[in-house]
Amino acid sequence: MKKLILLTATLLIFAGCKKENTFTIEGTLDGGAGKMMYIEELTPDGAQFLDSIQLDKKGRFTYKGKYDYQTFYNLHASRHDYVVLLPYRGEDLKLSGAFDSLSLTYKVDGSKESTTLWQLQDYSNYGAYKLRDIVEADKANRERYGIKPVEVNGTMKIEGDTAAYREAKKTTDSLYREAYDEQVMYVTQFLEENSGSLATLIALYKPFNGNHPIIDVDRFPELFTYYEQVLDGLEGNDATADNPHTIAFKNVVERVRFQVERNKPQAVNFALNPPDGSDKE
C-alpha cells in the first residue's frame, strides 16, 4: 500500500512538472473550418517557424508548446494577419475570433500577459479604425476640390482648388493629431502600468500609420526616456531580469541611446503632435 501511494505521488509530481514545462493554445475560429495556421516563436534574434496547425471542420485547433522561458509567439492566419501571445508555463490559452480577420477580432483568456497584449491590440485597432476614417475623409476632400498631381513641362504640380482643400485639411489634420495623441497617451500609460512585463516591449514598438512607431525616437528623441523606463522595469523584476529578451533589449537601448545623442535636434520646442499631419499624405 505504501509503495502504491509513493508511486502515485511520484506520478503526480512528474505530471505537474511536465505541465509546468509546457503551455497549450486552443480555440475556435469562425470561418476557419479546415484551414491552416502556423505558429512561430519571436526570439531575440527574430521570428522562428515552429509548426503548422490545421483547424478541424468546426474551426477548432490545439497547440502544445514547450516552455523554456517566457517569450512571444506569433499565431498566423496569414502572413500579415497574426496575433502575439505571451504564455507562462502551465497556462492553457483559450482563443476565439474570426479566421479571416484574426488580429481585429480575436480575444484570449487563460493567460494574464496574453490578455494584456490583447487589450493593447484592441486599442490599437480602435486607432486604426479612426485613422482609416480620417484618410477616407481626406481622400473625399481631394476628389471634391479636384486635388491631383499633374506634370507640366516635366515638373509635377498640384491641380485643383487648393485654397478650399487647405481649409478642409485643417479639420482632418486636427482629427489626425487627436487620434495620434490618444494612442500616445494609451501606450505611455500601458508602459507605466505594466512595468516589468515583457508586454512592454511590444507596446514600445507599436506602430501608428504604417511603419511609424508611436514611441518614435527618430522624430522625437525625447521619447527615448520610455526605452529607459521599459528596461528599468524589466531589470527590476526578478522574473524578467535574466530573460533573453531583456538582455537583448539592453543592447538595443544602448544603440538607440547612441543614435539619439548623435541626432538629437537643438530645438527644445517638443510636441507629441505631428506638426502638419504630413504623415498621412
Side-chain angles (χ1 to χ4, degrees), residues 7-44 47-78 81-125 190 193-203 206 233-234 237-246:
L7 177 61
T8 301
T10 302
L11 290 173
L12 289 173
I13 292 172
F14 178 74
C17 291
K18 291 288 286 184
K19 179 178 177 62
E20 287 190 356
N21 289 326
T22 62
F23 63 91
T24 301
I25 306 170
E26 59 181 310
T28 302
L29 299 181
D30 296 336
K35 294 182 179 179
M36 296 294 298
M37 296 192 302
Y38 69 92
I39 187 168
E40 60 187 9
E41 179 185 348
L42 186 57
T43 75
Q48 294 185 0
F49 173 82
L50 294 178
D51 202 358
S52 296
I53 305 169
Q54 184 169 21
L55 284 67
D56 69 15
K57 62 182 180 181
K58 293 185 178 181
R60 298 175 302 193
F61 71 93
T62 300
Y63 174 81
K64 188 171 185 178
K66 181 182 178 184
Y67 186 97
D68 293 319
Y69 61 91
Q70 191 175 32
T71 187
F72 304 97
Y73 295 88
N74 294 338
L75 184 63
H76 286 258
S78 66
D81 187 15
Y82 63 92
V83 299
V84 184
L85 304 172
L86 185 55
Y88 196 67
R89 63 165 56 91
E91 289 185 336
D92 296 317
L93 286 68
K94 310 291 184 183
L95 196 75
S96 61
F99 183 90
D100 293 330
S101 54
L102 185 60
S103 63
L104 294 175
T105 62
Y106 90 103
K107 186 174 181 179
V108 63
D109 295 302
S111 170
K112 179 182 177 182
E113 301 219 55
S114 296
T115 299
T116 297
L117 284 179
W118 165 71
Q119 293 169 339
L120 175 67
Q121 181 62 38
D122 191 54
Y123 199 84
S124 179
N125 291 341
F190 182 96
E193 292 178 350
N194 295 281
S195 179
S197 166
L198 291 177
T200 55
L201 293 176
I202 300 297
K206 205 68 179 166
L234 293 174
N237 181 0
D238 291 341
T240 56
D242 296 325
N243 187 285
H245 287 285
T246 301

Write down the atom of [X], the atom of [Y], and the distance for their closest heavy-atom approach.
{"X": "Leu198", "Y": "His245", "value": "CD2-CB, 4.0 Å"}
{"X": "Gly233", "Y": "Ser195", "value": "CA-OG, 3.4 Å"}
{"X": "Thr71", "Y": "Leu86", "value": "O-CD1, 3.2 Å"}
{"X": "Pro87", "Y": "Ser114", "value": "N-OG, 3.6 Å"}
{"X": "Ala77", "Y": "Phe99", "value": "CB-O, 3.4 Å"}

Close side-chain approach of [X] and [Y], heavy atoms under 4.5 Å:
{"X": "Thr22", "Y": "Glu91", "value": "no"}
{"X": "Pro244", "Y": "Tyr69", "value": "yes"}
{"X": "Phe61", "Y": "Glu26", "value": "no"}
{"X": "Thr116", "Y": "Phe190", "value": "yes"}
{"X": "His76", "Y": "Ile39", "value": "no"}
{"X": "Tyr63", "Y": "Thr24", "value": "no"}
{"X": "Leu29", "Y": "Asp100", "value": "no"}

Open item on the list: Distance check, rounded to the nearest 0.5 Å: Ile25 atom CD1 versus Leu85 atom CG?
Closed with: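 It is 5.0 Å, given to the nearest 0.5 Å.
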TODO: Look up atom CD in Gln48 and atom CD in Glu40, then write down how far apart they are to the nearest 0.5 Å.
DONE: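 It is 9.5 Å, given to the nearest 0.5 Å.
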TODO: State whether the side chain of Ser124 and the backbone N or O of Leu120 hold a donor-acceptor pair below 3.5 Å, judged by distance alone.
DONE: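 Side chain of Ser124 to backbone of Leu120, a donor-acceptor pair under 3.5 Å: no, none is there.
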Task: Thr28 (side chain) donor-acceptor with Arg60 (main chain) under 3.5 angstrom - done: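 Not at all, since once roles are kept as given, no pair shorter than 3.5 Å links the two residues.
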Task: NZ (Lys206) with more than 12 external heavy atoms under 6.0 Å - done: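 Yes, because the 6.0 Å sphere around NZ of Lys206 holds more than 12 heavy atoms from other groups.
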Open item on the list: Around atom CG of Asp56, are there more than 12 heavy atoms from other residues, nucleotides or ligands closer than 6.0 Å?
Closed with: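 More than 12 within 6.0 Å, yes.
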Task: Phe49 and Tyr38 aromatic ring geometry - parallel, tilted or perpendicular at 30°/60° bounds - done: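 Plane angle between 30° and 60°, so tilted.
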Task: Under 3.5 Å side-chain donor-acceptor pair for Asn194 and Thr200 - done: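 Not at all, the side chains of Asn194 and Thr200 share no donor-acceptor pair under 3.5 Å.
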Task: Steps toward side-chain contact (heavy atoms from CB on, under 4.5 Å) verdict (Leu102, Tyr82) - done: CA-CA 6 Å; Leu102 185 60; Tyr82 63 92; 5.7 Å; no
Task: Close aromatic pair by centroid cut-off 6.0 Å: Tyr67 and Tyr88 - done: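 Between Tyr88 and Tyr67, which both carry aromatic rings, the centre distance is below 6.0 Å.
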Task: Derivation of the ring pair (Phe, Tyr, Trp, His ring centres under 6.0 Å) call for Tyr73 and Phe23 - done: CA-CA 11 Å; Tyr73 295 88; Phe23 63 91; 4.8 Å; yes
